[in-house]
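All of these numbers come straight from a predicted model, not from anything done at the bench.
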Amino acid sequence: GDNRFRILSSAIVGIEFWVEKENGKKPLRIKMGGVAPDNFVDDPKYFWAFCVWNYQAERVQILEITQKGIMKSIEALVKDKDWGDPKNFDITVNRVGQGKDSKYSTTPKPAKKMDPAIIQLYEDLNIDLTALYRGEDPFATAEKVAEEAEKAI
């Protein structure tokens with residue numbers, strides 16, 4: 001179905017590998033040019049990750065894209081002088097099909113200002129996307145700040 005979002009941050013990019021761990025497969029992400037693990041179990045994929053406002057979930061989330069077609073569509077919008085920075089407009093990605101038979105379409109929506117309350121929420125979360133490279137939780141900083149605030153009360 002349709003998945004509408006607004007990009008809120010710059011992207012981090014790299015290569016995602018899946019490695020076998022004691023409790024199942026886990027993703028391992030490295031920066032471009034980084035050292036690949038020897039024990040990956042699936043084909044590595046390029047990835048983009050950025051913070052988004054997910055309209056359906058009504059919350060700030062991290063969106064990771066590995067599908068080349070979606071990447072090409074977003075990159076074309078960025079390079080198009082009539083669209084430009086995707087932080088200025090919403091994007092809808094639609095998926096039809098399942099698994100390897102999935103087909104994606106990417107549709108930009110007319111530019112409009114983002115709700116200032118959403119921008120403030122995103123900024124207050126202080127998300128560290130680079131934590132993905134370390135296998136850590138990008139939201140951990142926000143959780144620590146909330147815990148410290150509760151202790152202070």
*Is Ile118 reachable from Ile7 through a run of I, L, V, M, F, W or Y residues, each pair having side-chain heavy atoms under 4.5 Å apart?*
no
*Check which hydrophobic residues are tied to Trp18 through side-chain heavy-atom contacts below 4.5 Å, counting indirect links as well, and list them.*
Val41
*Are the side chains of Phe50 and Val52 in touch, meaning some heavy atoms are under 4.5 Å apart?*
yes
*Would you say Arg59 has more than 12 foreign heavy atoms packed within less than 6.0 Å of its CZ?*
no
_So which atom in Asn94 and which in Asp2 form the shortest heavy-atom distance, rounded to 0.1 Å?_
ND2-OD1, 2.5 Å
*Atom pair CD1/CD1 of Ile127 and Ile62 - distance to nearest 0.5 Å*: 5.5 Å
*Does a side-chain heavy-atom distance below 4.5 Å link Val96 with Tyr104?*
no
*Compare all side-chain heavy atoms of Leu125 with those of Gln120 and state whether any distance is below 4.5 angstrom.*
no
*Do Leu129 and Ser9 have side chains that get closer than 4.5 Å, going by heavy atoms?*
yes
*Can you tell me if NZ on Lys109 sees more than 12 non-hydrogen neighbours from other groups inside 6.0 Å?*
yes
*Under a single-linkage definition using a 4.5 Å side-chain heavy-atom cutoff for Ile, Leu, Val, Met, Phe, Trp and Tyr, are Phe139 and Phe5 assigned to the same hydrophobic cluster?*
no
*CG-CG distance between Asp82 and Leu77, expressed to the nearest 0.5 angstrom*: 10.5 Å
*Assess whether side chain to side chain contact (heavy atoms under 4.5 Å, CB included) is satisfied between Leu28 and Glu16, documenting all intermediate values.*
CA-CA 6 Å; Leu28 174 69; Glu16 179 180 77; over 6 Å; no
*asked:* Same cluster or not: Val93 versus Leu63, using hydrophobic residues (I, L, V, M, F, W, Y) connected whenever any side-chain heavy atoms lie under 4.5 Å apart?
replied: yes
*asked:* Tell me the closest heavy-atom pair linking Ala36 and Phe17, and the distance in Å.
replied: CB-CZ, 3.5 Å
*Can you name the closest pair of heavy atoms from Arg6 and Pro86 and give their distance?*
CD-O, 3.9 Å
*By salt bridge (charged side-chain N to carboxylate O under 4.0 Å, His left out), which residues pair with Asp42, not counting sequence neighbours?*
Lys25
*Could you give me the CA-CA distance, side-chain angles and deciding distance for Glu75 and Trp48, then say whether side chain to side chain contact (heavy atoms under 4.5 Å, CB included) is met?*
CA-CA 11 Å; Glu75 187 173 36; Trp48 293 352; 4.2 Å; yes
*Report yes or no: do Ile30 and Val35 belong to one cluster of Ile/Leu/Val/Met/Phe/Trp/Tyr joined by side chain heavy-atom distances under 4.5 Å?*
no
_Is any side-chain heavy atom of Val60 closer than 4.5 Å to one of Leu8?_
yes
*asked:* Tell me whether Asp43 at atom CG has more than 12 heavy atoms from other residues, nucleotides or ligands lying less than 6.0 Å away.
replied: no
*asked:* Would Asn54 and Glu58 count as a side chain to side chain donor-acceptor pair (under 3.5 Å) here? Give the steps.
replied: CA-CA 6 Å; Asn54 178 330; Glu58 296 183 340; over 6 Å; no
*Go through the steps to decide whether Asp128 and Arg134 satisfy the test salt bridge (charged side-chain N to carboxylate O under 4.0 Å, His left out), and finish with yes or no.*
CA-CA 11 Å; Asp128 178 13; Arg134 300 185 300 274; 2.7 Å; yes
_Flag side-chain contact, heavy atom, 4.5 Å: Ile91 against Thr107_ = no
*Roughly how far, to the nearest 0.5 Å, is the CD atom of Gln56 from the CD atom of Gln61?*
9.5 Å
*Side chains of Phe47 and Arg29: does their closest heavy-atom pair fall under 4.5 Å?*
yes
*asked:* Could you go through Gln67 and Ser102, starting from their C-alpha distance and side-chain angles, then the distance that decides it, and tell me whether this counts as side chain to side chain contact (heavy atoms under 4.5 Å, CB included)?
replied: CA-CA 10 Å; Gln67 297 85 358; Ser102 295; over 6 Å; no
*asked:* Starting from Ile15, can I reach Tyr133 by hopping between I/L/V/M/F/W/Y residues whose side chains sit under 4.5 Å apart?
replied: no
*asked:* Is any side-chain heavy atom of Trp83 closer than 4.5 Å to one of Asn88?
replied: no
*Run the side chain to side chain contact (heavy atoms under 4.5 Å, CB included) check on Ile74 and Ile65 step by step: do they pass?*
CA-CA 10 Å; Ile74 293 174; Ile65 298 175; 3.7 Å; yes
*Name the orientation class of the two ring planes belonging to Trp53 and Tyr55 (parallel below 30°, tilted from 30 to 60°, perpendicular beyond 60°).*
perpendicular
